[in-house]
Protein chains: 2
Amino acid sequence: MRRKITLKDIARELEVSISTVSKALKNSEEIGRDTKEKVQAFAKLYNYKPNNIAISLKNKHTRNIGVVIPDIVHHFFTTVFRGIEKYANSRGYNVIVCVSDDSFNKEVINMEMLANGSIDGFILSLAAETLDKGDFNHLKQIREQGIPLVCFDRTTTEVDCDRVIINDTDISFEVVKKLIGDNRRKIGLVTNVGFGDVSDKRERGYKNALEENGLPFDENLVLRLAYHDVEEEVIAEFFKSREVDAVLCVNEIFAIHCLGIVQNLGYSVPDDIAFVGFSDGILSKFSRPTLTSVAQHGDQMGQIAAEILIEKIEAELEENEIETYRTEIIQATLIERGSTRN
Amino acid sequence: MRRKITLKDIARELEVSISTVSKALKNSEEIGRDTKEKVQAFAKLYNYKPNNIAISLKNKHTRNIGVVIPDIVHHFFTTVFRGIEKYANSRGYNVIVCVSDDSFNKEVINMEMLANGSIDGFILSLAAETLDKGDFNHLKQIREQGIPLVCFDRTTTEVDCDRVIINDTDISFEVVKKLIGDNRRKIGLVTNVGFGDVSDKRERGYKNALEENGLPFDENLVLRLAYHDVEEEVIAEFFKSREVDAVLCVNEIFAIHCLGIVQNLGYSVPDDIAFVGFSDGILSKFSRPTLTSVAQHGDQMGQIAAEILIEKIEAELEENEIETYRTEIIQATLIERGSTRN
DNA sequence: AAAAATTACGAAAACGGTTTCGTGTTAATA
DNA sequence: TATTAACACGAAACCGTTTTCGTAATTTTT
């Protein structure tokens with residue numbers, strides 16, 4: 001088995017110094033033509049490739065970015081990830097992924113692990129538990145070490161970092177306004193407990209739209225579910241007793257669950273009840289009826305997060321650190337499908 | 001901004017040598033009690049953590065594994081990835097993901113990139129284009145460099161490496177046998193063009209089951225689709241003219257597409273046509289009717305792939321290289337749901 | 001022909017660790 | 001008291017690069 005060849009090997013074979021080899025391979029003006037050609041030919045013949053680790057140690061940066069997300073088996077996060085990976089790759093960066101599993105401890109441990117030299121910066125969506133706890137010391141520490149950090153979707157304002165989010169309040173407002181325009185009057189909201197300001201904002205948009213259109217907000221029309229175990233009976237009970245004629249669900253999985261349940265209860269969608277979900281994943285496109293959904297443009301979020309991060313990383317390398325933080329707001333869009341067609 | 005502290009910093013502050021600090025932190029017997037306590041206390045106070053890159057360079061291994069997959073926005077691959085990440089993490093390894101996008105070039109470039117010291121081993125599912133081309137030189141090179149490689153799902157036998165696959169032929173056979181047992185007689189197959197031996201094996205199982213039960217194989221009952229653009233009219237035409245009473249689809253997306261189309265054509269599922277898909281993703285659970293599907297146990301595949309890889313990596317470190325290659329076969333299972341209930 | 005400038009290369013330090021080996025001090029043994 | 005052993009630590013090599021600086025040998029300039 002042919003081990004990887006190093007500068008030292010080439011130097012030994014060609015009876016020149018390591019420095020000469022290094023320079024020759026970079027086409028340095030310092031080295032004579034003959035020597036350069038000899039070294040380059042030899043390197044090519046033996047397929048020399050510099051060792052990334054050695055270069056990282058020398059340069060004090062790795063061209064790796066760390067991505068920490070709550071869940072990878074989740075359409076939204078994977079699209080964001082795809083956006084990150086694609087852009088990062090085009091810029092010569094690799095991506096190390098860690099899954100926090102919505103656990104505070106895993107998030108902390110993974111980030112500490114990576115922060116010890118493995119990555120040049122982080123892209124992060126916070127674990128549910130971290131949001132609940134409200135403990136962001138691990139992020140603050142990372143920032144203190146001068147490691148750039150971009151948060152997306154599930155973020156916090158308690159840490160100095162860049163952010164990429166969608167216009168949750170506005171789009172939620174727009175959706176509900178549209179439902180009202182479609183002559184829906186008893187509009188329900190299916191949301192989750194926790195998850196910080198994402199859900200809060202969507203709820204605020206919902207309330208604002210009701211208010212602005214003279215409809216009363218009724219807590220009875222709000223169903224609050226635990227994300228990780230959806231209770232069918234609770235949902236069925238809600239729809240049997242509330243007589244809503246439209247529902248906004250803050251995520252796709254809630255929407256699809258509810259859709260199935262109300263259909264089993266004998267309601268017709270969209271005639272009896274209109275449905276709108278968030279995050280426009282694969283389920284929305286293939287459910288029956290197809291689901292009207294708010295596209296969060298995960299690819300775009302990922303790309304922008306990566307752009308911002310790499311910009312910070314490279315500014316830091318140039319020693320002109322950027323001390324201001326951006327919050328980029330992606331415009332979500334409503335994709336209308338069968339579940340709201342009148 | 002407090003930069004990371006190094007051994008050198010501690011040594012300077014405490015007026016001892018770097019070696020002493022290093023040994024003290026590893027609780028070496030060589031160092032006296034007082035010195036150890038002093039060093040450890042200081043290190044703790046300043047939150048010293050060794051630099052991963054420096055350790056990697058010294059040890060010649062990184063505790064990173066490279067995962068190269070065709071697509072990340074794909075339920076099966078994400079479940080495999082989750083299995084890998086979970087196990088790898090529990091063993092103190094990190095995971096670098098590269099997406100080949102089913103492109104040969106991207107696969108080659110990404111792997112060459114990572115092979116230069118960034119990772120200790122690869123877990124790979126081949127790009128469609130690579131399978132088409134039949135060019136596996138990049139994998140052979142990686143093996144020649146002594147880098148361990150585990151392939152899963154889309155694999156090749158032309159490279160000396162470990163493999164994790166499912167019992168495609170058998171499970172396909174079982175499924176068709178079951179359909180025949182359910183009194184289905186005109187059983188169609190929806191498969192794709194390309195994708196190497198995965199599709200081939202599933203087709204073989206299908207044929208074997210027909211043959212063994214005295215049913216004729218009819219090429220007219222086989223619909224071959226391009227994975228990346230599914231043509232609705234072709235599918236509709238197929239179902240209008242063929243009068244199949246059951247269909248086996250080699251992946252979930254084909255199944256869901258076809259399911260929708262036949263329902264629009266006025267057929268009832270499962271009464272007129274029974275449907276079975278592969279890979280039991282999220283769509284299967286939420287379609288109407290729910291889809292009977294072959295579970296490929298992605299988590300398990302990922303975990304086993306990671307187990308095998310890490311075993312190889314660590315054996316290599318101990319200098320007792322393992323020169324034999326395993327092919328681990330995961331037993332797929334059929335999850336029966338609405339699309340086949342009689 | 002002497003001085004200055006250019007060319008072509010090598011030595012060595014640096015990145016941040018680990019590890020082997022050598023050595024001065026003290027304690028135990030003959 | 002002389003010899004040996006144990007203890008506690010430091011120097012230095014090493015991992016594979018990059019880069020600064022020094023310097024012979026040659027060429028150019030005066």
Side-chain angles (χ1 to χ4, degrees), chain A residues 3-40 42-43 46-64 113 115-120 145-146 316-317, chain B residues 3-40 42-43 46-64 113 115-120 145-146 316-317:
Chain A
R3 282 275 160 208
K4 282 246 130 182
I5 192 177
T6 68
L7 288 185
K8 195 195 267 189
D9 299 328
I10 302 182
R12 192 180 347 94
E13 290 302 314
L14 263 37
E15 297 183 302
V16 292
S17 76
I18 293 180
S19 1
T20 302
V21 177
S22 175
K23 290 170 192 164
L25 290 175
K26 320 201 98 176
N27 236 318
S28 159
E29 291 303 321
E30 256 181 280
I31 305 298
R33 245 189 29 155
D34 295 0
T35 312
K36 270 204 269 196
E37 282 174 5
K38 192 174 62 173
V39 171
Q40 288 172 1
F42 191 92
Y46 286 94
N47 192 31
Y48 169 79
K49 294 278 165 49
N51 179 308
N52 294 332
I53 298 293
I55 292 180
S56 292
L57 180 59
K58 180 70 185 154
N59 294 350
K60 310 187 88 167
H61 71 122
T62 60
R63 297 194 88 81
N64 286 152
M113 176 98 224
N116 297 316
S118 298
I119 51 91
D120 298 337
Q145 289 169 32
E316 217 185 30
L317 289 180
Chain B
R3 284 272 161 210
K4 283 246 128 182
I5 192 176
T6 69
L7 287 186
K8 195 195 266 188
D9 299 329
I10 302 182
R12 188 179 353 91
E13 290 303 312
L14 264 37
E15 300 184 302
V16 292
S17 76
I18 294 180
S19 2
T20 302
V21 177
S22 176
K23 289 170 192 163
L25 291 175
K26 320 200 98 175
N27 236 319
S28 158
E29 291 303 320
E30 258 183 280
I31 305 298
R33 250 193 21 161
D34 294 0
T35 312
K36 269 204 271 195
E37 281 174 4
K38 191 175 60 173
V39 171
Q40 288 172 0
F42 190 92
Y46 286 93
N47 193 29
Y48 169 78
K49 293 278 165 53
N51 179 306
N52 294 331
I53 298 292
I55 292 179
S56 293
L57 181 59
K58 178 69 183 155
N59 294 350
K60 311 187 85 170
H61 72 121
T62 60
R63 295 194 90 82
N64 285 153
M113 176 98 224
N116 297 317
S118 299
I119 51 89
D120 297 337
Q145 289 170 32
E316 215 184 31
L317 288 180

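All chains are named by letter (A, B, ...) in the order of the sequence lines, taking the proteins before the strands, and each is independently numbered beginning at 1.
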Donor-acceptor under 3.5 Å ([X] side chain, [Y] main chain):
| X | Y | answer |
| --- | --- | --- |
| Asn116(A) | Pro50(B) | no |
| Lys36(B) | Ser28(B) | yes |
| Gln145(B) | Lys4(A) | no |
| Ser22(A) | Ile18(A) | no |

Between [N] ([atom2]) and [X] ([atom1]): distance, integer Å:
| X | N | atom1 | atom2 | value |
| --- | --- | --- | --- | --- |
| Arg63(A) | dT17(D) | CZ | C1' | 16 Å |
| Leu14(A) | dC9(C) | CG | P | 11 Å |
| Glu15(B) | dA8(D) | CD | C1' | 17 Å |
| Glu29(A) | dT6(C) | CD | P | 15 Å |
| Lys36(B) | dC9(D) | NZ | P | 10 Å |

Would you say that Thr62(A) contacts Ile53(B) through its side chain, given a criterion of any heavy-atom pair below 4.5 Å between the two side chains?
yes
Would you compute the distance between atom CG of Asn52(A) and atom CZ of Arg63(A) and round it to the nearest 0.5 angstrom?
10.5 Å
I need a per-nucleotide contact map over nucleotides 16-26 of chain C, read 5' to 3'. Cutoff is protein heavy atoms under 4.0 Å; write B for the base, S for backbone only, - otherwise.
BBBBBB-----
Using a heavy-atom cut-off of under 4.0 Å over every strand shown, decide if Ser56(A) touches base, sugar-phosphate, or nothing.
nothing
